[in-house]
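For this chain, numbers begin at 1 and follow the sequence in order.
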Amino acid sequence: MRLATFNIKHGAPAKDYPGDADAAAAACAALDADVLALQEVDDRVPRSGLADLATAVARVTGTSVIFAPTIRIRGGRYGNALLARGEVEYSEVVRLKGARWLQGRRGGGRILPIWREPRNAILATVLVQGHLLSVAATHLATQHDVSKKQLAQTAAKLQAMPEPWILMGDLNRTTEDVLSEPLLGSMELVDGPPTFPSWNATKRIDHVATRGLSVRPDGVRAVRSPDVSDHLALVVDVDVPR
C-alpha cells in the first residue's frame, strides 16, 4: 500500500502563481498513492482557473475524496483534501486551535492586527485493499507555538480511533519538533528526506507517522513535480500486517 502527502500550492509551479488543475491532477496521479493527503487545495478560486482541484485529482486517480476548506478566498474556498482508493466509512473535519486576531508590531511603530490562518484536520476511516485504516490529514500553522498545540490536538483525535493509524501532512515542524510531541511516542515517524523548498530541499516539514503498519525497506522517497508546487511529495510504501 502506498501513502503520500503533498502540498500542491493550489496547482501552481514552484516560482509562479497561477494554478493548473490538469497539472495538479497529473502530478498526483503519478504518485500512484492509495491514501493521499493534499494541502493548499483551491476550489473555484480565480488563480487556479475556478477549478475544483480536489475533485480533479479524484477523477484522474479514481479515488474517494474529502475536501475540507479552511478559508473563503475570492469567491471560492481553500483548504485540505484526503483521497483514498477505496470507501470512506467515516469522516469528520476538526477545526484546530490558534486562528485569531493578534496585535503585532509593524513598520513605523504602528500596531496592526495580524490574522493567523485557520487550520483544520480531516479525520477518516477508510477501507483500502480490504483494510480499515484511521487517517488524519492536516496542514499546521507556521507559528511554532501554535503548531505544537495543533499537532497534539490532531494526534489525540486520531488515537481515539481504531488502529492502524496514519497521520500525514505539511506539519510545518521539523523532525525534532514532531518527535517532541508525547502522543507521537506511540507512533512511528517515517524517516523521510527533506521536502521544502522543491528546488533545493533542505527542510523536512512534510511528515507521515503510523502505527500498526510496516514501512517497507527503501519505501520512502521525495518526489518532485516540475510543474506543480514548491514542495516535494513525500511517498511511503507500507505493508499492513494481517
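- Residues Leu189 and His207 form a side-chain contact, since some pair of their non-hydrogen atoms from C-beta on lies under 4.5 Å apart.
- Rounded to the nearest 0.5 Å, atoms NE2 (His144) and NZ (Lys149) are 12.0 Å apart.
- Asp20 places no side-chain N or O within donor-acceptor distance of the main-chain N or O of Gly11, the cut-off being under 3.5 Å.
- A continuous path of ILVMFWY side-chain contacts below 4.5 Å connects Val220 to Val35, so both sit in one hydrophobic cluster.
- Considering only heavy atoms from C-beta on, Pro46 comes within 4.5 Å of Arg74 through its side chain.
- Taking CG of Asn7 as the reference point, atom CG of Asp170 lies at 5.0 Å (rounded to 0.5 Å).
- Side-chain atoms of Asp42 never come within 3.5 Å of backbone atoms of Val45 as a donor-acceptor pair (strictly under, hydrogens ignored).
- Residues Ile166 and Leu3 have side chains in contact (heavy-atom distance under 4.5 Å, counting atoms from C-beta outward).
- Hydrophobic cluster membership is shared by Met168 and Val215, with clusters built from Ile, Leu, Val, Met, Phe, Trp and Tyr side chains linked at under 4.5 angstrom.
- We find the NE2-CG distance between His131 and Asp239 to be 9.0 Å, quoted to the nearest 0.5 Å.
- In this structure the side chain of Thr125 reaches within 4.5 angstrom of the side chain of Met161, judged on heavy atoms.
- The side-chain heavy atoms of Leu232 and Pro193, taken from C-beta on, include no pair separated by under 4.5 Å.
- Leu38 and Ile122 fall into different hydrophobic clusters, defined by Ile, Leu, Val, Met, Phe, Trp and Tyr side-chain heavy atoms under 4.5 Å apart, directly or through other members.
- Using a 4.5 Å heavy-atom threshold, the side chains of Ser229 and Phe6 count as touching.
- Pairing each heavy atom of Leu96 with each of Gln150, the nearest pair is CB-CG, 3.8 Å.
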Legend entry - Step-by-step side-chain contact (heavy atoms from CB on, under 4.5 Å) determination, Tyr78 to Thr70: CA-CA 6 Å; Tyr78 164 90; Thr70 55; 3.9 Å; yes
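- Shown here for Leu82 and Ala124, the closest heavy-atom pair between the two residues is CD2-CB, 3.8 Å.
- More than 12 heavy-atom neighbours from other residues, nucleotides or ligands sit within 6.0 angstrom of CZ on Arg221.
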Legend entry - Glu89 and Val126: CA distance, side-chain angles, deciding distance, side-chain contact (heavy atoms from CB on, under 4.5 Å) verdict: CA-CA 6 Å; Glu89 298 210 344; Val126 296; over 6 Å; no
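- Summarising the geometry of Leu184 relative to Ala209, their closest heavy-atom pair is CD1-CB, 3.8 Å, with the distance given to 0.1 Å.
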Inset, instruction - Please assess Glu188 against Arg211 for the test side-chain contact (heavy atoms from CB on, under 4.5 Å), listing each intermediate value before the final yes or no. - result: CA-CA 6 Å; Glu188 177 187 357; Arg211 176 165 172 161; over 6 Å; no
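- No path of Ile, Leu, Val, Met, Phe, Trp and Tyr side chains, each step under 4.5 Å between heavy atoms, connects Leu167 with Leu183, placing them in separate hydrophobic clusters.
- Considering only heavy atoms from C-beta on, Lys157 comes within 4.5 Å of Glu92 through its side chain.
- Pairing each heavy atom of Ala136 with each of Leu123, the nearest pair is CB-CD1, 3.7 Å.
- Side chain to side chain, Ser147 and Arg173 meet the donor-acceptor criterion of an N or O pair below 3.5 Å.
- In this structure, Leu234 CG and Leu31 CG are separated by 10.0 Å, a value rounded to the nearest 0.5 Å.
- Side-chain atoms of Asn80 and Gln39 include no donor-acceptor pair closer than 3.5 Å.
- In terms of heavy-atom proximity, Ser225 sits nearest to Ala27 at OG-CB, 3.6 Å.
- Using a cutoff of 4.0 Å between basic side-chain nitrogens and carboxylate oxygens, Asp145 and Arg116 are scored as salt-bridged.
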Inset, instruction - Test Asp237 against Arg2 for salt bridge (charged side-chain N to carboxylate O under 4.0 Å, His left out), laying out the working first. - result: CA-CA 4 Å; Asp237 292 331; Arg2 178 167 294 170; 2.7 Å; yes
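- Residues Ile8 and Cys28 approach most closely at CG2-SG, 4.2 Å, considering heavy atoms.
- At least one donor-acceptor pair under 3.5 Å links the side chain of Ser134 to the backbone N or O of Pro162.
- Residue-environment remark: CZ (Arg216) exceeds the threshold of 12 foreign heavy atoms within 6.0 Å.
- Partner Asp52 forms a side-chain contact (heavy atoms from CB on, under 4.5 Å) with one of Arg44, Arg77, Arg59 and no other, that one being Arg44.
- With respect to Lys9 and Asp230, no salt bridge is recorded, no charged nitrogen being found less than 4.0 Å from a carboxylate O.
- Contact of the Val240 side chain with the Gln129 side chain is not registered, since no non-hydrogen atoms from C-beta on lie closer than 4.5 Å.
- Counted within 6.0 Å of CD on Glu87, heavy atoms from surrounding residues, nucleotides or ligands total 12 or fewer; the atom is thus considered open.
- The ring-ring contact (aromatic ring centres under 6.0 Å, His included) search around Phe67 returns none, not counting sequence neighbours.
- Counting only distance, with no hydrogens or angles, the side chain of Gln153 and the backbone of Arg95 share a donor-acceptor pair below 3.5 Å.
- With no hydrogens or angles considered, no side-chain donor-acceptor pair links Ser180 and Asp177 at under 3.5 Å.
- The CG atom of Asn120 sits 9.0 Å away from the OG1 atom of Thr154 when rounded to the nearest 0.5 Å.
- Grouping the Ile, Leu, Val, Met, Phe, Trp and Tyr side chains by contacts below 4.5 angstrom, directly or via other members, places Trp165 with Val178.
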Inset, instruction - Step by step, work out the salt bridge (charged side-chain N to carboxylate O under 4.0 Å, His left out) result for Asp32 and Arg85. - result: CA-CA 10 Å; Asp32 194 26; Arg85 193 171 281 157; 3.2 Å; yes
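- In this structure, NE2 on His139 lies 7.0 Å from CD1 on Ile205, to the nearest 0.5 angstrom.
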